[in-house]
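Heads up, the thing below is written out as structure tokens.
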Amino acid sequence: MLSLTTTTLTLALLRPKPLNFPPNTTHAMSSSSSSFTTLFVSAYAGGGGFGVGDEPKTLIEYIGCGGVDVGDDLVVLIHHVQCACKRIASLVASPFGTRVGNVVGGGGKEIGEGRDVAKPLDIVANDIILSSLRNSGKVAVVASEEDDAPVWLQDDGPFVVVVDPLDGSRNIDASIPTGTIFGVYNHLVEADKLPREEKALINSLQSGSRLVAAGYVLYSSATILCVSFGAGTHAFTLDQSTGEFVLTYPSIRIPPRGQIYSVNDARYFDWPEGLRNYIDTIRQGKGKYPKKYSARYICSLVADFHRTLLYGGVAMNPRDHLRLVYEANPLSFLAEQAGGKGSDGKSRILSIQPVKLHQRLPLFLGSPDDIDELESYGDVQQKVNPGYEV
């Protein structure tokens, strides 16, 4: 009989172990690592990141004093977020990752329904993040996509965190990229006299315009943490040789217009006329941009958004499917900080006041000119939802 909890058992399998170098090879490994860093710095300098001879900034160095000074409390919080995401990165890349379901069994509480029922990996990732945020000592309340209600951690925590611990987990068996999405708000001290459940909910339902930080972590061929503190959007890549997130994409600017759209167009015949017309027009190169658009669709929100952030265009889910609190608000904040836009097809995402914790809506993210052109077609929100199995 297995007596360990889901998280304990999984983490016991995945707990990092010290590197054991063969005798007399430590110096060679050090030289190899040094050569890699030199090569990386030289290559990255060509992309405008930093000059040859400069050391790449780690995430904590950058937010502590090297790039933006966000204050000690937020530095501590982000440190714990990155630590949790490193553990999740190891989990999803582990040979045990796709077998967690067999270890867990079926006794866990299910959140959501149908295709959105929490998977075992979601639950483990959620436990990892919740534990890390609790240990930070900087979080008053956490609202997670995997929980029915917010979790109150401590009265004097200066921040509120909303999180989707493992977006796209249903793709893990096929080794398709997944991600973590998070947003950070200030703790609303004016609600402190209310009952615990009520003040936890009020803190979690803040408008996206009140975000003080937001980010995502992409678990793919590289592990990339993209974050904004309200002064631009920056991405850091996990250096496996040091275990540090290193600045690789400073001050990302999404192109004003792209040439890629990302959507599941197998749903074409369920779309409203405005959205069908828009897609037909840009595919033929008859829109405001006189070139034919290409389709790129991964069906992993973080991955589709990350590509759109770098290359431009528009990533979308036109039906009431994505969650405002955990997905739409943080990603729209990042898009805007990179010069892009986030819309529900009619309104700016960050101007929408959440009324429910798991509130869903259509989401369109991308280049400002592409989003403006899309909205000009009017009827782009899919209202027909027959229920999809895949």
Ignoring hydrogens and angles, write down the donor-acceptor pairs under 3.5 Å from the side chains of residues 287-294, residues two or more places apart or on other chains.
from	atom 1	to	atom 2	distance (Å)
Tyr293	OH	Arg257	NH1	3.2
Tyr293	OH	Gly258	O	3.1
Tyr293	OH	Asp370	OD1	2.5

Using the test side chain to side chain donor-acceptor pair (under 3.5 Å), find all partners of [X] that sit at least two apart in sequence or belong to another chain.
{"X": "Ser343", "value": "Glu375"}
{"X": "Ser136", "value": "none"}
{"X": "Glu244", "value": "none"}

Using the side-chain hydrogen bond (donor to acceptor under 3.5 Å, both in side chains) rule, collect all pairs that involve [range], keeping only residues at least two apart or in two chains.
{"range": "residues 303-318", "answer": "Tyr216-His306, Ser262-Asp304, Ser262-Arg307, Asp304-Arg307"}
{"range": "residues 149-162", "answer": "Trp152-Asp155, Gln154-Asp156"}
{"range": "residues 191-203", "answer": "His187-Asp192"}

inquiry  = Are there over 12 heavy-atom neighbours, none belonging to Lys383, within less than 6.0 Å of that residue's NZ?
reply    =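 Enclosed: over 12 neighbouring heavy atoms sit under 6.0 Å from NZ of Lys383.
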request  = Indicate yes or no: at least one non-hydrogen side-chain atom of Ser144 is less than 4.5 angstrom from one of Pro165.
outcome  =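 Touching, per the 4.5 Å side-chain cut-off.
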task = Report the hydrophobic cluster partners of Val189, with the cluster defined as I, L, V, M, F, W, Y residues connected by side-chain heavy atoms closer than 4.5 angstrom, directly or transitively.
result =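 Traced through the cluster, Val189 reaches no other member.
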request  = Would you mind listing every ring pair (Phe, Tyr, Trp, His ring centres under 6.0 Å) that reaches into residues 222-246, with sequence neighbours excluded?
outcome  =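 The answer is Tyr62-His234, Tyr62-Phe236.
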task = Please list, chain by chain and in numerical order, all residues satisfying side chain to side chain contact (heavy atoms under 4.5 Å, CB included) with Asp265, sequence neighbours excluded.
result =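 If we apply the side chain to side chain contact (heavy atoms under 4.5 Å, CB included) test to Asp265, skipping adjacent residues, the hits are Tyr261, Val263, Trp271, Arg283.
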query = Yes or no on side-chain hydrogen bond (donor to acceptor under 3.5 Å, both in side chains) for Ser367 and Asp369, after CA distance, side-chain angles and deciding distance?
reply = CA-CA 6 Å; Ser367 298; Asp369 293 350; over 6 Å; no
Salt bridge (Lys or Arg N to Asp or Glu O under 4.0 Å) contacts in which one or both residues fall within residues 329-343, not counting sequence neighbours =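 Residue pairs passing salt bridge (Lys or Arg N to Asp or Glu O under 4.0 Å), neighbours aside: Glu336-Arg348, Lys341-Asp372.
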With sequence neighbours excluded, residues passing ring pair (Phe, Tyr, Trp, His ring centres under 6.0 Å) with Phe182 =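 With neighbours one apart ignored, the set is empty.
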request  = Give the C-alpha distance, both sets of side-chain angles, the deciding distance and a yes or no for side chain to side chain contact (heavy atoms under 4.5 Å, CB included) between Leu309 and Thr233.
outcome  = CA-CA 10 Å; Leu309 195 62; Thr233 296; 4.2 Å; yes
Candidate pair Val163 and Ile181, rule side chain to side chain contact (heavy atoms under 4.5 Å, CB included), full reasoning = CA-CA 6 Å; Val163 62; Ile181 306 171; over 6 Å; no
